[in-house]
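Inspection log for the structure reproduced underneath, given as structure tokens.
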There are 2 protein chains.
Amino acid sequence: MNIKMDEECCDMRGMLGFLILFLLSKKPMHGQEISEEITKRKGERPSPGTLYPSIKNLREAGFLDEKKEGKTITYTLTPSGKKALTIAKRKFCQIFLGVFP
Amino acid sequence: MNIKMDEECCDMRGMLGFLILFLLSKKPMHGQEISEEITKRKGERPSPGTLYPSIKNLREAGFLDEKKEGKTITYTLTPSGKKALTIAKRKFCQIFLGVFP
DNA sequence: TTAAATATATCGTATAACCGATATATATAA
DNA sequence: TTATATATATCGGTTATACGATATATTTAA
């Protein structure tokens with residue numbers, strides 16, 4: 001995901017960051033939970049080399065807070081992350097209007 | 001878009017091919033009409049260097065028929081293209097379940 | 001205390017979307 | 001007939017996604 005998600009969120013070159021933001025908006029999760037949820041939806045597990053760099057991008061963009069408990073890190077959306085998701089969702093829905101039944 | 005869209009359609013590395021398939025499922029269009037429709041949805045016009053290679057990919061995958069009339073080419077979904085779209089849509093909806101309001 | 005399992009993270013590489021610039025062909029206007 | 005506009009197409013280069021392999025840290029099991 002591009003760092004400029006606020007302005008251009010949906011250049012649609014990969015939707016992983018967007019999906020992670022969306023999933024975390026439902027409830028805080030750690031990496032393995034995110035991995036599980038994506039596996040359920042896509043039918044295939046994202047490799048760690050895909051998932052964690054994407055999480056890192058979101059964190060560096062200021063969209064995620066982390067809380068470390070032992071070996072797990074629970075990720076939460078920051079206010080900025082919530083705002084970014086709102087903007088991205090609006091654009092997503094506009095672009096794919098009519099695709100959902 | 002990957003040539004193997006049937007099996008893996010939604011690797012989500014770019015959604016342009018998927019969007020074009022979807023738009024053509026609504027009605028046959030030529031390149032400039034597709035460009036217009038994408039501009040309306042994304043708020044930005046795709047460059048010819050983006051649009052036409054993507055159309056070419058879909059054509060080479062056997063998803064599009066073309067009918068040339070003068071300088072314009074009208075694109076239509078082939079049966080294979082319709083099938084690919086059906087599969088892709090199903091996966092898309094599964095992955096992004098809950099994103100649409 | 002050591003071994004195995006789990007969770008997070010990084011690295012190098014490959015792939016493909018995407019763009020800007022440019023090219024070609026057809027149609028229309030002057 | 002020539003010039004301009006339109007539609008399609010290609011090329012080179014950039015960028016971000018994504019993967020496999022590997023590394024590190026923590027926890028649990030033996």
Side-chain angles (χ1 to χ4, degrees), chain A residues 1-21 24 28-39 41-61 63-76 88 95, chain B residues 1-5 7-21 24 28-39 41-61 64-76 88 95:
Chain A
M1 163 142 346
N2 198 312
I3 211 78
K4 292 188 294 176
M5 183 165 171
D6 262 311
E7 303 118 64
E8 321 182 351
C9 65
C10 291
D11 80 353
M12 293 302 156
R13 196 188 307 187
M15 301 289 299
L16 186 57
F18 175 68
L19 187 55
I20 293 172
L21 275 189
L24 288 177
M29 288 189 266
H30 54 262
Q32 287 310 304
E33 285 177 306
I34 295 173
S35 178
E36 279 301 325
E37 185 61 34
I38 290 174
T39 303
R41 287 171 176 258
K42 301 191 74 160
E44 201 169 325
R45 180 171 302 275
S47 104
T50 298
L51 181 62
Y52 288 104
S54 189
I55 290 175
K56 187 186 179 190
N57 288 342
L58 296 171
R59 177 163 31 83
E60 285 176 352
F63 296 161
L64 305 186
D65 267 342
E66 352 178 298
K67 199 173 115 192
K68 186 163 187 175
E69 298 158 271
K71 68 185 165 186
T72 73
I73 298 177
T74 299
Y75 302 99
T76 320
I95 292 172
Chain B
M1 163 142 344
N2 198 311
I3 212 77
K4 291 186 297 177
M5 183 166 172
E7 304 116 67
E8 320 181 352
C9 66
C10 290
D11 80 353
M12 294 299 156
R13 196 189 307 186
M15 301 289 300
L16 186 57
F18 174 69
L19 187 55
I20 292 173
L21 276 189
L24 288 177
M29 288 190 267
H30 54 262
Q32 287 308 302
E33 286 177 306
I34 296 173
S35 179
E36 279 302 322
E37 185 61 34
I38 291 174
T39 304
R41 287 170 176 259
K42 300 191 76 160
E44 201 169 328
R45 180 172 303 274
S47 104
T50 298
L51 181 61
Y52 288 103
S54 189
I55 290 176
K56 186 186 179 189
N57 287 343
L58 295 172
R59 177 164 31 85
E60 285 175 353
L64 304 187
D65 267 341
E66 352 178 297
K67 198 173 115 195
K68 186 162 188 176
E69 299 157 271
K71 67 186 167 185
T72 72
I73 298 176
T74 299
Y75 302 99
T76 319
I95 292 172

Which heavy atom in A:Ile55 sits nearest to a heavy atom in A:Gly31, and how many Å separate them? CD1-CA, 4.4 Å
For nucleotides 21-26 of chain D, just jot down a letter per nucleotide in 5' to 3' order: B, S or -, based on protein non-hydrogen atoms under 4.0 Å. B----B
On DNA chain D, nearest-nucleotide positions of B:Glu66 versus A:Arg45: which is more 5'? B:Glu66
Nearest-angstrom distance from the residue atom CD of A:Glu44 to C1' of D:dA18: 11 Å
In terms of the nearest nucleotide of DNA chain C, which residue is placed more toward the 5' end: A:Pro53 or A:Thr72? A:Thr72
Is there a donor-acceptor pair under 3.5 Å between the side chain of B:Glu33 and the backbone N or O of B:His30? yes
Looking only at the side chains, is there a donor atom on one of B:Gln32 and B:Thr72 sitting less than 3.5 Å from an acceptor on the other? no
Closest non-hydrogen atom pair, B:Pro53 against B:Pro48: CD-O, 3.4 Å
Can you sort out which residues in residues 29-39 of chain A have a heavy atom within less than 4.0 Å of DNA chain C? Ascending by number, please. A:His30, A:Gly31, A:Gln32
Phosphate OP1/OP2 of D:dT10 contacted by B:Lys56 side-chain N/O (<4.0 Å): yes
Whole angstroms only, please: what is the CD-P distance between A:Glu69 and C:dA7? 13 Å
Of A:Leu64, A:Leu58, A:Leu19, A:Thr76, which meets side-chain contact (heavy atoms from CB on, under 4.5 Å) against A:Leu24? A:Leu64
Length of the line joining A:Asn57:CG and C:dT10:C1', which is rounded to integer Å: 13 Å
In whole Å, I'd like the distance from the OH atom of A:Tyr52 to the P atom of C:dT8. 4 Å
So, do B:Lys68 and B:Glu66 sit near enough that their side-chain heavy atoms are less than 4.5 Å apart? no
To the nearest 0.5 angstrom, please state how far the CG atom of A:Asp65 sits from the CD1 atom of A:Ile73. 12.0 Å
Side-chain contact check for A:Thr50: nearest option of C:dT8, D:dT8, D:dC19 is D:dC19
